[in-house]
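The model shown is predicted, which means the values in this text are computed figures rather than measured ones. Below, chain A is the first sequence line, B the second, and so on; all start at residue 1.
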Protein chains: 2
Amino acid sequence: MALNHAIMTALLDDRLSGYELTKAFDTSLGFFWKASHQQIYKALRDLEQQGLLESEDVPQAGKPDKVIYGLTEGGREALDAWVLGDSKATESKDDMFVKFYNLSADNAAHLREELAQRRQHDGERLALYRRIRARHYAQPESLPVRRRGIYLALLAGIRHCETRLAWAEEADALLASVIPERQSASAR
Amino acid sequence: MALNHAIMTALLDDRLSGYELTKAFDTSLGFFWKASHQQIYKALRDLEQQGLLESEDVPQAGKPDKVIYGLTEGGREALDAWVLGDSKATESKDDMFVKFYNLSADNAAHLREELAQRRQHDGERLALYRRIRARHYAQPESLPVRRRGIYLALLAGIRHCETRLAWAEEADALLASVIPERQSASAR
DNA sequence: CGCCGCATGTAATTAGTTACATGATTGT
DNA sequence: ACAATCATGTAACTAATTACATGCGGCG
């Protein structure tokens, strides 16, 4: 299960609570691995029980107390070993593309709307990643080794968004040409 | 569950057996949705029970008999309705990128190998999709509407592979620069 | 004779989603 | 008063993976 390893990866240089991890999985790491808070809290308990993580209660004033987790020596070793193992290439699943296989005059307008949502989403992601890049990864050559790996992942995310956005323009044009001519603009 | 709808989509113009569907999910449709034969056979039984598919036993000589499935009227309607609904954007999961977050001099050579495997895989995919495109989607403007949707999906697959391959070159160069200088080539 | 392709499944387990729950504090 | 953010969970369910099973025909 890679979720466990994604969590350990997020804990490489910070000690974080489940809540903080959940937010991390919504942003940076989240492009490559999604997880709900329910999954994360459970994984944290499992990992602690296996001795790969250790926890510490942090009482807080004005906020609920939290439990922060950090890697143990065993955790670091397990993570290192995992990286050296083989990984199967989890192919992606995307129902929007399946929907495209069903294109017709009746659903073209709807697909165009879904596509517009995706464009918006990808555009926001791209802007975010470009900001992160400008701030923290401007000169990749002068980064410490591990940060260079993160830079490469970030770069993959950027390229991916760019490609999707470019494709979406082509797709939009083709969809527009399929929508019946009545009042093709603003079809609910 | 989109698997059910992916299966129905594959049955839009052909009546197929579970085995044939499994192969289809390994090639064309498979870029957007992966499924094992166990999943597919189960889904087929479920869909038939719901009245969305109908089956027919086909005895064969020299081969085991098979059961082919086709869409019912209800199945077509259900599929049409599904396309018009909203779909959440199933974010992708890829442990190779998680591994990149763990880059070090110790694992750079290994990651480079994994990357090479991916490159090979993506290269084969790309060649396959380009062949399909050249054979069946050379002039997208003159295709019937539904085929244009499939063309767009295919195009997304092509662009995606191209992007990954281009990224992989950059990544490979950076990884190479991280591998310790002893005998950096062909480190097992 | 043993392996590969065809064809279809069962069973057990793991992973992930959805719905619901609690309770404090800060902002409108 | 009401919603939002912080913080952590349980329970029920659906989806996916992994392991195992069966049997025929053709190929080397």
Between CD of E20(B) and P of dG5(C) the distance, given in whole Å, is 17 Å

Would you please say whether a donor-acceptor pair under 3.5 Å links the side chains of Q117(B) and E113(B)?
-> no

Is it true that F31(B) and F97(A) have ring centroids separated by less than 6.0 Å?
-> no

Roughly how many Å is it from CG in D65(A) to P in dG9(D), rounded to a whole number?
-> 12 Å

Between NZ of K66(A) and C1' of dG9(D) the distance, given in whole Å, is 17 Å

Base, sugar-phosphate alone, or nothing: which one does S17(B) contact when heavy atoms must sit under 4.0 Å apart?
-> sugar-phosphate

Rounded off to whole Å, could you give me the CG-to-C1' distance for the D95(A) and dA16(D) pair?
-> 16 Å

OP1 or OP2 of dC6(C) less than 4.0 angstrom from a side-chain nitrogen or oxygen of Y19(B), does that happen here?
-> yes

Among I150(B), T27(B), L154(B), I158(B), the one residue meeting side chain to side chain contact (heavy atoms under 4.5 Å, CB included) with I132(B) | L154(B)

Respond yes when some side-chain nitrogen or oxygen of Y41(B) is under 4.0 Å from OP1 or OP2 of dG9(C), and no when none is.
-> no

Just by distance, with hydrogens left out, do E114(A) and H110(A) show a side-chain donor and acceptor under 3.5 Å apart?
-> yes

Just to confirm, is there a sub-4.0 Å distance from OP1 or OP2 of dA16(D) to any side-chain nitrogen or oxygen of K93(A)?
-> yes

Joint cluster assignment, L12(A) & L111(B), ILVMFWY side-chain distance < 4.5 Å = yes

Euclidean distance, atom CE of residue M1(A) to atom P of dT13(C) [Å, nearest integer] = 16 Å

Using atom OH of Y69(A) as one end and atom P of dA7(D) as the other, report the distance to the nearest whole Å.
-> 14 Å

Calculate the interatomic distance between K23(A) atom NZ and dT8(D) atom P; express it in whole Å.
-> 11 Å

Between P64(A) and Q39(A), just flag the one whose closest nucleotide in DNA chain C comes earlier from the 5' side.
-> Q39(A)

Quick one: is dG9(D) close enough that its OP1 or OP2 comes under 4.0 Å of any side-chain N or O from Q38(A)?
-> no

When you measure from the side chain of K63(B), which nucleotide among dC6(C), dG9(C), dA15(D) comes out closest?
-> dC6(C)

Could you check how far CG of L16(B) sits from P of dA7(C), rounded to whole Å?
-> 12 Å

dA7(C) phosphate, OP1 or OP2: any side-chain N/O from Q60(B) under 4.0 angstrom?
-> yes

Can you tell me if the side-chain N/O atoms of K42(A) get under 4.0 Å from OP1 or OP2 in dT8(D)?
-> no

